[in-house]
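Please read the structure below before turning to the comments.
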Amino acid sequence: MQIIDTLVTLVSEALDSAQTSGSLPTAGDVEIKIERPKLAEHGDFSTSLPLALARSTRMAPLQIAEAIANAVPEHFMVGNVAHAAPGFVNFTLSTSWLQSQVNVVRNAGDEFGSVETGKGQSVQVEFVSVNPTGPLHVGHARGAVIGSSLANVLDAAGYDVQREYYVNDAGNQMRVFYDTVYSRYMQAAGHDEPLPDPAYPGEYLQELASDLLNDLGDSSVSKEKSEAIAVLAPESLKRTLKDIRNVLSSLGVEYDQWFHESELLSSGRFDEVLNFLEDSDLVVERDGAKWFAATKLGLEEDIVVIRSGEGGPTYFGTDIAYHHEKFMERKFDRVINVWGADHHGHVARMHALLQAFGLDPDRLTIILNQIVNFSNEGESLKFSKRNNVMVTVEELIEEVGSDACRFTFLSRSPESHMEFDLSLAKTQSSENPVYYVQYGHARLASILRTAAERKIDFDTADLSLLTHARELELIRKIIELPAVIERAAERLEPHHLPHYAMDLARSLQRFYEDCRVVSLEEGELEISRARLQLVEAAKYALHRTLNLMGMTSPERM
RNA sequence: GCCCCCGUAGCUCAGUUGGAUAGAGCACCGGCCUCCGAAGCCGGGAGCGUGAGUUCGAGUCUCGCCGGGGGCGCCA
């Protein structure tokens with residue numbers, strides 16, 4: 001962030017000159033950290049460097065603070081530098097600089113908030129990636145929301161981002177799925193075909209099968225089972241994926257690519273990568289199966305990659321090829337996988353795998369989001385169709401709406417074991433933080449509409465008129481956005497967005513309360529213009545934030 | 001048995017990689033609409049599971065204990 005970088009430079013210069021002038025003894029290299037004080041009277045930024053230097057310089061921290069504060073060079077961004085006990089140097093931004101930021105924001109427009117920390121780096125975010133065997137379960141919504149917003153944030157931080165859904169269209173689960181579709185298809189056509197064992201339960205497959213019968217006709221009924229499946233399977237997959245895509249889309253989730261597991265097998269990549277591992281002496285045969293020799297890389301157990309018996313690859317087996325493809329073929333600098341916490345046992349294996357490829361394991365980050373407990377009126381919900389409780393993401397969106405849903409999931413960090421209270425998320429809708437934030441946006445829009453109706457032109461304005469505490473508070477909050485985005489991207493924590501959104505909304509509501517924007521009073525046209533520019537800047541910041549969260553920015557509510 | 005995550009206000013959650021007097025929403029109580037939206041604003045109470053340790057300084061780091069969730073498949 002630019003402000004902090006500037007302050008680091010100023011402190012560094014102050015340190016040098018204090019040491020040169022002899023007011024401070026020289027000390028070894030220290031890292032200058034700039035923080036944000038919690039209390040307003042401590043300024044906008046501070047550093048506790050004096051406390052860190054106390055030991056090596058054998059001086060009282062407060063004295064060091066004073067020496068540094070006195071040596072900080074003048075800078076137009078900084079209005080005041082102070083030292084404070086027990087050993088802080090506090091910086092307050094200058095009013096004139098804050099005022100000037102209104103136009104910086106307005107000029108950036110919809111792009112305001114973007115940073116370049118990820119410039120030149122490609123990153124893939126893979127999320128949801130649920131087996132295409134039916135509708136998305138509510139348990140998958142959290143990962144979808146986190147993954148999509150994280151991708152948005154990384155994009156805003158300058159990364160070249162690819163959003164990907166990994167379609168597990170090979171393997172055991174799908175065979176069971178197709179076998180069940182076949183049985184349901186035959187049953188729909190009036191034949192007494194038993195369900196396979198195991199089979200996929202649920203009405204979804206019955207509906208799917210009867211749709212297939214209607215749309216494709218009964219020509220597959222008389223075929224051999226394998227031939228019938230050859231016809232039904234691709235169509236079942238296509239339709240199920242389409243349902244998944246539509247539901248995700250209604251949740252504000254879009255992908256750049258849907259990558260099919262089956263491609264890894266048909267392209268020969270799987271065999272190729274397996275050969276590579278064999279050549280690296282990392283594959284062993286045992287009990288009729290092939291294993292990835294993870295124990296040679298420090299893990300506790302080897303992992304099966306090719307089953308005994310019919311010899312198909314395991315999920316982990318194709319994942320080897322998949323990640324090889326991500327790094328070696330598509331050459332992503334970083335890959336982020338968003339998984340449910342129940343996959344945590346898989347994490348160490350993936351990192352071992354990168355090691356086997358000779359790659360830095362840090363290039364792969366796996367975000368595990370903990371399970372969500374849904375409740376209603378304080379009562380925990382057990383999902384089952386028999387209880388007639390909501391089970392799919394589609395139903396969840398119908399119940400609480402996409403915006404409220406996203407905001408709720410986003411405001412918790414992924415590792416928290418969150419509770420999602422449906423009654424809270426929907427019935428108290430007017431008191432919901434979701435609507436508080438959106439109301440702020442609608443209100444800003446409303447002010448601008450009023451200004452337009454009254455034909456107030458505010459292309460130019462005297463921003464030095466913005467001196468009210470609420471005006472400056474709002475400007476300070478607006479210009480935090482780049483730092484929020486930078487932090488969220490760096491730490492892969494999209495949950496900072498909703499909290500920032502709340503803060504920003506509060507600042508603008510307080511501003512609105514105390515500062516009349518569009519005034520009819522004589523002689524207040526100039527201040528109206530300046531405030532309208534501020535309103536416009538606030539609207540850009542709030543809209544950007546809502547946008548990154550995948551939420552709508554209503555002009556009216 | 002081993003591994004991962006969590007424990008902060010009555011409830012749901014933040015807490016800027018160890019900094020100053022720990023925050024927000026909901027719920028509760030009391031105020032505020034004569035021109036831009038009261039889905040709002042202002043004021044009010046209460047909290048870091050527990051015991052040690054590291055440090056100038058711990059909600060944050062280390063270890064133990066208590067409590068909750070998840071994982072240890074030739075499933076994905």
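Computed from a predicted model, the values in this text were never measured in an experiment. In what follows, chains carry the letters A, B, and so on, assigned in the order in which the sequence lines appear, proteins first and then strands, with residues in each chain numbered from 1.
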With a 4.0 Å cut-off, would you call A:Arg529 and A:Glu526 a salt bridge?
yes

Between C1' of B:C74 and CD of A:Glu310, the distance in whole Å:
9 Å

Taking only nitrogen or oxygen atoms into account, show me every contact under 3.5 Å that the protein makes with nucleotides 10-12 of chain B, one pair per line with its distance.
unit_1: B:U12; atom_1: O2'; unit_2: A:Arg412; atom_2: NH2; d: 2.0

A:Ser46 side chain near B:A20 phosphate (N/O to OP1/OP2, under 4.0 Å)
no

Taking 5.5 Å and 30° as the limits, would you call A:His42 and the base of B:A20 a stacked pair?
yes

Spacing of A:Met557 atom CE relative to B:A39 atom C1', expressed in whole Å:
6 Å

Parallel, tilted or perpendicular, as decided by the 30° and 60° cut-offs, for the rings of A:His140 and A:His137
perpendicular

Please write out the pairs of protein N or O atoms and N or O atoms of nucleotides 42-47 of chain B separated by less than 3.5 Å, giving the distance to one decimal.
unit_1: B:C42; atom_1: OP1; unit_2: A:Arg510; atom_2: NH1; d: 2.3

Starting at NE2 of A:His343 and ending at P of B:G69, how long is that distance when rounded to a whole Å?
21 Å

Please state whether the rings of A:Phe316 and A:His346 are parallel, tilted or perpendicular, taking 30° and 60° as the class boundaries.
perpendicular

Under the criteria of a ring-centre distance below 5.5 Å and an interplanar angle below 30°, is A:Phe88 stacked with the base of B:A20?
yes

How far, in whole Å, is B:C36 from B:A27 if one measures between their C1' atoms?
32 Å

Could you check whether the side chain of A:Thr314 and the base of B:C74 have a donor-acceptor pair of N or O atoms closer than 3.5 Å, going by distance alone?
no

Identify which nucleotide among B:A76, B:G37, B:G15 has an atom closest to any side-chain atom of A:Asn168, counting heavy atoms from C-beta outward.
B:A76

Is A:Thr314 reaching over with its side chain to a backbone N or O of A:Val304, donor-acceptor style, under 3.5 angstrom?
yes

Check the phosphate of B:A76 against A:Arg307, side-chain N and O only, distance under 4.0 Å to OP1 or OP2. Yes or no?
yes

Between B:C41, B:C74, B:C3, which nucleotide gets closest to the side-chain atoms of A:Gln509?
B:C41

Going by side chain to side chain donor-acceptor pair (under 3.5 Å), name the residues that satisfy it together with A:Glu263, two or more places apart in sequence or in a different chain.
none

Proximity to the side chain of A:Ser519 - top-ranked nucleotide from B:C35, B:G70, B:C75
B:C35

Counting only side-chain nitrogens and oxygens, does A:Ser413 get under 4.0 Å of the OP1 or OP2 atom of B:A14?
yes

Mind checking the C1' distance from B:U54 to B:C61? Whole angstroms is fine.
8 Å

Take atom CD of A:Glu493 and atom C1' of B:U16, then tell me their distance rounded to the nearest Å.
9 Å

Would you kindly give the CD-to-P distance between A:Glu300 and B:C2, to the nearest whole Å?
11 Å

Where does the angle between the aromatic ring planes of A:Phe420 and A:Phe409 fall among parallel (under 30°), tilted (30 to 60°) and perpendicular (over 60°)?
tilted

Regarding A:Lys326 and A:Glu164, does a basic nitrogen lie under 4.0 Å from an acidic carboxylate oxygen?
no

From B:C5, B:C75, B:C4, pick the nucleotide closest to the side chain of A:Glu415?
B:C5

Can you label the angle between the A:His441 ring and the A:His543 ring as parallel, tilted or perpendicular, going by 30° and 60°?
tilted

Counting N and O atoms only, with roles assigned by atom type, does the side chain of A:Arg531 sit under 3.5 Å from a partner on the main chain of A:Val518, one being a donor and the other an acceptor?
no

Taking only the side-chain heavy atoms of A:Arg516 (C-beta and beyond), determine which of B:C36, B:A24, B:U16 contains the nearest atom.
B:C36

What nucleotide, of B:C36, B:G15, B:G71, holds the atom closest to the side chain of A:Ser446?
B:C36

Check A:Glu480 with A:Lys477, please: is the shortest side-chain N to carboxylate O separation under 4.0 Å?
yes

